[in-house]
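Report on the following structure.
Bear in mind the structure is a predicted one, so any value in this text is a computation, not a measurement. We use all heavy atoms of the structure for the numbers below, so side chains are in, but hydrogens, waters and symmetry mates are not. Note that the numbering runs from 1 along the sequence shown for the chain.
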Amino acid sequence: MTLKLHELTNEDEFKLVVDIEHEAYSNPFNGVWEITKGSSTEECCARQFSWHRNDSSSHWIYVTDEASGDVIGGTQWHIHETNPYAVEQPMRTAYWWPEGPMKQIGDQLIRDLRMHRPGHMSKPHLLISYCFVGSMHRNRGAASLMLKWGLEKADDLGLDTFVESTEVARRTYEKHGFNVIGDLDMDAHLENPSEDFNALRERLGCPIHGWIMKREAQKKHN
């Protein structure tokens with residue numbers, strides 16, 4: 001069956017992308033996504049689309065199955081043609097959660113996820129923030145289509161590409177030229193944690209380990 005690549009243009013499209021995003025990041029379970037997804041699909045969709053709309057570097061692309069018309073995967077690319085850390089950036093928090101264990105843990109996991117970026121990415125580059133394919137549609141080439149879209153732009157611009165990868169996705173990125181450049185360790189602690197905090201930390205799979213990966217720009221051959 002034929003797959004088709006699209007670049008996101010409006011929020012109605014994005015709702016379909018977010019639906020498959022929720023399914024994909026739940027299979028297998030992803031503790032960071034549990035923080036990111038918030039309290040409802042509707043809230044998550046509105047928040048992520050707002051982030052996209054207000055960020056000129058953001059490009060969401062998605063893949064459909066032409067036979068069914070269903071969205072089966074999506075990727076958010078950030079194309080930074082200048083150094084985004086030339087000016088210090090405010091640290092993002094899990095502001096979409098009310099005060100309590102989920103926000104306490106979320107704030108710390110987001111900090112751990114992002115704290116390496118100024119050290120590795122203080123230059124023009126591309127960054128993959130999200131890349132997912134629905135569990136029933138994996139191994140059909142959707143991820144490769146979405147990665148090819150951005151990697152061709154990276155090579156045209158002569159820029160390196162970065163991604164923070166789970167162990168599950170690591171091999172996919174390696175097949176597309178990425179190499180591990182560091183460990184990504186995320187965890188949350190309090191001096192006197194509540195039982196709810198400890199239980200949630202365990203449910204989210206903390207400590208969470210991932211990989212910082214980089215693909216160097218490939219020279220174009222005429």
Side-chain angles (χ1 to χ4, degrees), residues 3-25 30 32-33 36-38 41 44-66 69-87 89-90 92 110 113-114 116-118 120-134 137-138 140-166 169 172-173 175-178 212-218 220:
L3 304 181
K4 186 175 181 180
L5 191 70
H6 311 258
E7 187 162 3
L8 187 79
T9 59
N10 61 66
E11 191 169 5
D12 287 337
E13 291 175 90
F14 194 54
K15 291 174 182 176
L16 301 175
V17 175
V18 171
D19 283 343
I20 200 70
E21 183 182 32
H22 274 70
E23 192 280 330
Y25 280 132
N30 184 312
V32 176
W33 173 248
T36 306
K37 72 180 186 180
T41 304
C44 180
C45 180
R47 171 167 38 87
Q48 283 190 292
F49 191 73
S50 175
W51 290 346
H52 165 67
R53 185 182 56 213
N54 293 314
D55 182 351
S56 61
S57 77
S58 176
H59 301 264
W60 269 98
I61 60 172
Y62 64 96
V63 173
T64 56
D65 181 320
E66 285 211 275
D70 293 338
V71 175
I72 67 170
T75 299
Q76 185 185 27
W77 283 91
H78 289 278
I79 302 176
H80 296 291
E81 296 191 50
T82 59
N83 175 11
Y85 299 103
V87 176
Q89 301 295 313
R92 179 173 286 176
I110 292 169
L113 174 66
R114 291 169 167 258
H116 75 93
R117 291 183 180 179
H120 288 112
M121 305 180 195
S122 289
K123 60 182 182 179
H125 66 276
L126 275 70
L127 172 67
I128 301 168
S129 287
Y130 301 93
C131 184
F132 52 87
V133 177
H137 299 281
R138 291 169 187 162
R140 295 180 57 195
S144 292
L145 275 177
M146 295 186 292
L147 291 174
K148 182 181 178 182
W149 182 92
L151 296 178
E152 286 183 348
K153 294 186 181 300
D155 292 342
D156 287 341
L157 293 167
L159 300 180
D160 296 341
T161 303
F162 295 89
V163 66
E164 292 125 355
S165 176
T166 62
T172 297
Y173 292 121
K175 288 178 182 177
H176 288 83
F178 286 83
I212 305 164
M213 304 187 75
K214 174 184 174 182
R215 175 190 179 271
E216 295 184 352
Q218 307 296 303
K220 293 273 189 172

Residues 157-165, side-chain donor-acceptor partners within the protein, below 3.5 Å, at least two apart:
{"unit_1": "Asp160", "atom_1": "OD1", "unit_2": "Ala217", "atom_2": "N", "d": "3.1"}
{"unit_1": "Asp160", "atom_1": "OD2", "unit_2": "Lys123", "atom_2": "NZ", "d": "2.9"}
{"unit_1": "Glu164", "atom_1": "OE1", "unit_2": "Arg117", "atom_2": "NH2", "d": "2.9"}
{"unit_1": "Glu164", "atom_1": "OE2", "unit_2": "His116", "atom_2": "NE2", "d": "2.7"}
{"unit_1": "Glu164", "atom_1": "OE2", "unit_2": "Arg117", "atom_2": "NE", "d": "2.8"}
{"unit_1": "Glu164", "atom_1": "OE2", "unit_2": "Arg117", "atom_2": "NH2", "d": "3.4"}
{"unit_1": "Ser165", "atom_1": "OG", "unit_2": "Arg170", "atom_2": "N", "d": "3.3"}

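- Residues meeting the side-chain contact (heavy atoms from CB on, under 4.5 Å) test with Ile61, sequence neighbours left out: Leu5, Glu7, Thr75, Trp77, Met146, Trp149.
- Counting heavy atoms from C-beta on, the side chains of Tyr130 and Trp60 come closer than 4.5 Å.
- In this structure a side-chain-to-backbone donor-acceptor pair under 3.5 Å is present from Ser122 to Pro118.
- Here the NZ-SG distance, from Lys37 to Cys45, works out to 15.0 Å after rounding to the nearest 0.5 Å.
- In this structure, the separation between OH on Tyr173 and CG on Leu147 is 6.0 Å, given to the nearest 0.5 Å.
- Checked against ring-ring contact (aromatic ring centres under 6.0 Å, His included), His80 has the following partners two or more places apart in sequence or in another chain: His78, His125.
- Screening residues 8-18 for salt bridge (charged side-chain N to carboxylate O under 4.0 Å, His left out) gives Asp12-Lys15 as the qualifying pairs, with residues at least two apart or on separate chains.
- The two residues Thr172 and Ala143 come nearest to each other via the heavy atoms CG2-CB, 4.4 Å.
- Using a cut-off of 4.0 Å between Lys/Arg side-chain N and Asp/Glu carboxylate O, Lys148 and Asp155 are scored as not salt-bridged.
- Residues forming a side chain to side chain donor-acceptor pair (under 3.5 Å) with Asp65 (at least two apart in sequence, or on another chain): Arg140.
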Go through it in stages, so that I can follow the logic: the residues are His120 and Lys214, the test is side-chain contact (heavy atoms from CB on, under 4.5 Å), and I'd like the CA-CA distance, side-chain angles, deciding distance and then a yes or no.
CA-CA 9 Å; His120 288 112; Lys214 174 184 174 182; over 6 Å; no
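- Looking at heavy atoms from C-beta onward, Asn30 lies out of side-chain contact with Phe132 at the 4.5 angstrom threshold.
- The OG1 atom of Thr64 lies 8.5 Å from the CG atom of Asp70; values are rounded to the nearest 0.5 Å.
- Taking each heavy atom of Val133 and Ala142 in turn, the nearest pair found is CG2-CB, 4.0 Å.
- Residues satisfying the salt bridge (charged side-chain N to carboxylate O under 4.0 Å, His left out) test with Arg47, not counting sequence neighbours, are Glu43.
- With hydrogens and angles disregarded, a donor-acceptor distance shorter than 3.5 Å links the side chain of Asn54 to the backbone of Ser50.
- Interatomic distance, SG of Cys44 versus NE2 of His22, reported as 4.5 Å (0.5 Å rounding).
- Side chains of Val18 and Phe49 form no contact here, defined as non-hydrogen atoms less than 4.5 Å apart.
- Considering only heavy atoms from C-beta on, Asp19 stays 4.5 Å or farther from Val71 through its side chain.
- Considering only heavy atoms from C-beta on, His176 stays 4.5 Å or farther from Arg215 through its side chain.
- The distance from the CZ atom of Phe14 to the CD atom of Gln48 is 4.5 Å, given to the nearest 0.5 Å.
- In this structure, Tyr25 and Thr166 have side chains that are not in contact, with every pair of non-hydrogen atoms separated by 4.5 Å or more.
- Rounded to the nearest 0.5 Å, atoms CD1 (Ile72) and CG (Leu3) are 4.5 Å apart.
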